[in-house]
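In what follows, a single structure is set out as C-alpha cells and then discussed.
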Amino acid sequence: MNWDVIEGNWKQLKGNVKEQWGKLTDDNLDQIAGKRDQLVGKIQEAYGVNKDEAEKQIKAFEERNRDDKRFL
C-alpha cells in the first residue's frame, strides 16, 4: 500500500478505517489525515494495545484492502 496515496484520498477512505476501528472518532480520523504513524498511535490509545499489535492490525487491514484501487 502506498500511504502517500492514502493520505491524498483520506476523505474517501475514512469510512473503511472507521469500519475497521470503530472506536476512532471523526476527530481522530481528521487528526490522522492518512498518516500511518498517526493511525498506529490512535489505535494504541483507543484499544489499549502495544505498537506491535497496532502494526499487526494495520498490516491485516492493508491485506484486506490491497485490491482497492483507492489504496494503491
Side-chain angles (χ1 to χ4, degrees):
M1 271 195 179
N2 184 333
W3 281 85
D4 289 331
V5 172
I6 291 172
E7 232 177 287
N9 293 332
W10 187 246
K11 287 186 180 190
Q12 295 125 328
L13 301 173
K14 286 194 308 189
N16 294 63
V17 175
K18 181 81 170 182
E19 187 177 308
Q20 174 68 36
W21 294 285
K23 289 185 181 180
L24 298 181
T25 65
D26 289 333
D27 285 342
N28 291 149
L29 296 174
D30 289 340
Q31 290 172 351
I32 292 165
K35 294 177 180 69
R36 193 178 194 283
D37 60 329
Q38 294 285 325
L39 179 58
V40 170
K42 293 297 181 186
I43 292 169
Q44 286 179 266
E45 288 175 21
Y47 289 91
V49 298
N50 64 29
K51 184 176 181 177
D52 289 339
E53 176 59 28
E55 291 279 357
K56 181 179 169 186
Q57 290 181 21
I58 291 172
K59 284 185 187 293
F61 177 79
E62 291 172 340
E63 279 296 311
R64 281 191 300 280
N65 291 285
R66 72 173 177 237
D67 294 330
D68 188 329
K69 298 212 184 301
R70 296 175 299 169
F71 287 94
L72 301 175

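By convention here, the first residue in the shown sequence is residue 1. The structure displayed is predicted, hence computed values, not measured ones.
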Identify, with sequence neighbours excluded, every residue that meets side-chain contact (heavy atoms from CB on, under 4.5 Å) alongside R36.
-> W3, V40, E55, I58, K59, E62

So side chain to side chain donor-acceptor pair (under 3.5 Å) across residues 39-52, not counting sequence neighbours, yields Q31-K42

Check whether any side-chain N or O of W10 sits under 3.5 Å from a backbone N or O of L29 as a donor-acceptor pair, and report yes or no.
-> yes

For A46 and L24, which heavy atoms make the closest approach, and how far apart are they?
-> CB-CD2, 3.9 Å

Audit row: W21, N28, side-chain contact (heavy atoms from CB on, under 4.5 Å) steps and yes/no | CA-CA 11 Å; W21 294 285; N28 291 149; over 6 Å; no

Sequence neighbours excluded, every pair satisfying salt bridge (charged side-chain N to carboxylate O under 4.0 Å, His left out) that has a member inside residues 8-28 = K14-D30

When rounded to the nearest 0.5 angstrom, what is the spacing between CD1 in I43 and CD1 in I32?
-> 7.0 Å

